[in-house]
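Keep in mind it's a predicted model, so treat the numbers as computed, not measured.
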Amino acid sequence: MTSDRFEATYLIETPLDPAKVAEVMAGEQSSGTFTRVAGETDELRSRTRAVVTKVEALDTADTPSLPNAWLAKKGISGPWRRARIAISFPVDNVGANLATLASIVAGNLYDLGEVTGLRLDTITLPASFRSRFPLPTQGIAGTRKLTGVASGPLVGSIIKPNVGLSPSETAALVAKLCEAGLDFIKDDEISADPVHAPLAQRVPAVMEVVRRHKDRTGKAVMVAFNITDETDAMKRHADLVAREGGTCVMASLNWCGFSAIETLRRATDLALHGHRNGFGALSRHPLLGISFQAYQTLWRLAGIDHMHVHGLQGKFAQEDAEVVSSARDCVTPLSAGIDDRVLPAFSSGQWAGTAQPTWDAIGHDDLLFMAGGGILAHPGGPAAGVASIRQAWAAVADGTSLDAAARSHAELRQALDFFGKAAG
């Protein structure tokens, strides 16, 4: 890859020659059409056409992964050949335009008649191109500074005002969570500005108790207010959070879109917590959609600071290996020499017992470890739940087994006895 080109890789399925299909893809997403048109000179094509750089044959299948009317109309049947291909695109076809970049690496490719399966796998960017887009405003280092957590995982939890809590009731819950010793508290993704707890009232109420906690203890708890909305409303809500002394806002990335997140990023220096809800619709079929590496690449170019990756041994459909690779993607620079790492946010069924497999898999604690029931349902109460998670992470970082650490930490012992039975 050179400084004037970026590369995307794909998994495809087709009854045709994969090499020829790759050329169709390259033409479709650059200067080609199904037939040469007026003005499409060889010189123009050499400057702007995407280039196929790799075609790797994989297995075949007896049945197609997806229906295809175009192939059926032509009477073309299997076997259905799968291949991994790489295509190099000219940077100048895009410029610093995230929406167009996404349209080029994906876009009409999913509708091509030649394929019965297509998945965008990875995106690789030269440093000169990556530098045209914003870096995380806070990222890992900034989030640690704002929360005062110099080392170890940030321990967080989720509040759910969508269950009907009023602003004052939400603030009372936040006060309890602050007292429990949390570093981070976030809104649920399905509650942003509900009638029963509008942000205009909820933000001041919550931040009042956060400020009181800081005045009393010196601890600045980060609260990620869900401001998912249309663009102007998100900017207003971010301004409100900043005026009240907040440090973070959250947005549902897939439903706001690239342009809204880019606009929000330019409008505020608050930490931007990116929630990926809906990603399963884009990723769960192995021969359709987009893999997490490519997905998080595009959103990091929009300037987010945190990105959800789910959690090990959690409640969602992803295998643990996918969660691990997603977390590694978040802390891997997109281009050499540029520190644009973002904080991976683990959630979904997390508790003290999942600290060990998480540490074993990724080998570091630059992460946000969020637990709902693992904290709030701890038999010793929320403070004991937070303590059990901190004890677990300290143990695994020190090379001590959780059972051994639990001999001298009652909160961890309680968590292992209580949640371990449910997990087993």
Side-chain angles (χ1 to χ4, degrees), residues 98-99 101-102 105-106 119-123 133 136-140 143 154 156-158 160 162 184-192 224-229 234 248-262 264-265 270-286 288-332 334 340-350 358 362 366-372:
L98 180 54
L101 173 61
V105 296
R119 184 177 178 88
L120 172 60
D121 198 16
T122 67
I123 302 172
F133 296 88
T137 299
Q138 302 299 340
I140 296 173
T143 301
L154 280 78
S157 192
I158 304 96
K160 293 183 178 288
N162 52 290
F184 181 93
I185 302 168
K186 85 167 189 70
D187 280 340
D188 192 61
E189 70 275 8
I190 62 172
S191 180
F225 292 97
N226 183 4
I227 63 169
T228 300
D229 208 320
M234 287 201 295
C248 185
V249 291
M250 183 180 95
S252 294
L253 302 176
N254 296 316
W255 314 120
C256 293
F258 293 122
S259 298
I261 298 302
E262 286 183 293
L264 178 62
R265 175 74 291 164
L270 297 172
L272 182 48
H273 187 84
H275 202 295
R276 74 181 202 179
N277 60 88
F279 176 62
L282 307 175
S283 67
R284 286 188 66 179
H285 194 292
L288 182 65
I290 180 170
S291 297
F292 188 79
Q293 192 281 340
Y295 176 82
Q296 59 89 38
T297 295
L298 294 170
W299 286 112
R300 282 165 69 180
L301 295 182
I304 61 167
D305 298 291
H306 311 157
M307 173 64 92
H308 276 241
V309 299
H310 287 334
L312 297 180
Q313 302 176 7
K315 66 181 180 181
F316 291 120
Q318 285 76 18
E319 295 183 357
D320 282 356
E322 182 179 343
V323 176
V324 171
S325 65
S326 298
R328 290 175 177 165
D329 287 335
C330 290
V331 297
T332 300
L334 296 182
D340 57 359
R341 298 171 300 151
V342 296
L343 192 71
F346 286 76
S347 63
S348 156
Q350 300 306 286
T358 304
I362 65 175
D366 275 332
L367 55 91
L368 172 56
F369 192 81
M370 291 183 289

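- Using a 4.5 Å heavy-atom threshold, the side chains of I227 and L264 count as touching.
- Atom-to-atom distance recorded for M250:CE and T228:OG1 is 5.5 Å, nearest 0.5 angstrom.
- Taking 4.5 Å as the limit, every side-chain heavy atom of S291 sits out of range of all side-chain heavy atoms of T122.
- With a 4.5 Å cut-off on side-chain heavy atoms, Q138 and L343 do not count as touching.
- Using a 4.5 Å heavy-atom cutoff, the side chains of I362 and L367 are in contact.
- Rounding to the nearest 0.5 Å gives a distance of 9.0 Å between CG of L120 and OG1 of T297.
- Note on ring orientation: taking the six-membered ring where Trp is involved, the planes of H273 and H308 are perpendicular (angle over 60°, cut-offs 30° and 60°).
- One finds the CG atom of D188 at 8.0 Å from the CD1 atom of I158 (value rounded to the nearest 0.5 Å).
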Please list, one pair per line, the donor and acceptor atoms closer than 3.5 Å that link side chains of residues 279-286 to other protein atoms, with sequence neighbours excluded.
{"unit_1": "S283", "atom_1": "OG", "unit_2": "F279", "atom_2": "O", "d": "3.0"}
{"unit_1": "H285", "atom_1": "ND1", "unit_2": "L287", "atom_2": "N", "d": "3.0"}

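- Residue pairs meeting the salt bridge (Lys or Arg N to Asp or Glu O under 4.0 Å) criterion with at least one member in residues 304-313, sequence neighbours excluded: R265-D305.
- Without hydrogens or angle criteria, N226 side chain to K186 main chain gives no donor-acceptor distance under 3.5 Å.
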(Q) Using the rule given for side chain to side chain contact (heavy atoms under 4.5 Å, CB included), can you reason through N277 versus W255, listing the C-alpha separation, both sets of side-chain angles and the distance that settles it, and then say yes or no? (A) CA-CA 9 Å; N277 60 88; W255 314 120; 2.8 Å; yes
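- Applying the side-chain contact (heavy atoms from CB on, under 4.5 Å) test between W299 and each of V342, L272, I304 identifies I304 as the sole match.
- Residues Q350 and T358 have side chains in contact (heavy-atom distance under 4.5 Å, counting atoms from C-beta outward).
- Partners of D340 under the side-chain contact (heavy atoms from CB on, under 4.5 Å) rule, at least two apart in sequence or in another chain, are R130, L135, P136, R300, P333, L334, I338.
- Taking all atoms of both residues into account, the shortest heavy-atom contact from I261 to A302 is CG2-CB, 3.9 Å.
- Nearest heavy atoms, L368 versus G156: CD1-N, 4.2 Å.
- A distance-only check finds no donor-acceptor pair linking the side chain of D121 to the backbone of A294 [under 3.5 Å].
- Separation of atoms CD (E322) and NE2 (H310) is listed at 8.0 Å; rounding is to 0.5 Å.
- Looking at S157, its side chain does come within 3.5 Å of a backbone N or O of A371 through a donor-acceptor pair.
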Mind running side chain to side chain contact (heavy atoms under 4.5 Å, CB included) on Q318 and F292 for me, showing each step along the way?
CA-CA 11 Å; Q318 285 76 18; F292 188 79; over 6 Å; no
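- Atoms CZ and CG, on F346 and L312 in that order, are 6.0 Å from each other to the nearest 0.5 Å.
- For the atom pair R341 CZ and C330 SG, the distance stands at 11.5 Å (nearest 0.5 Å).
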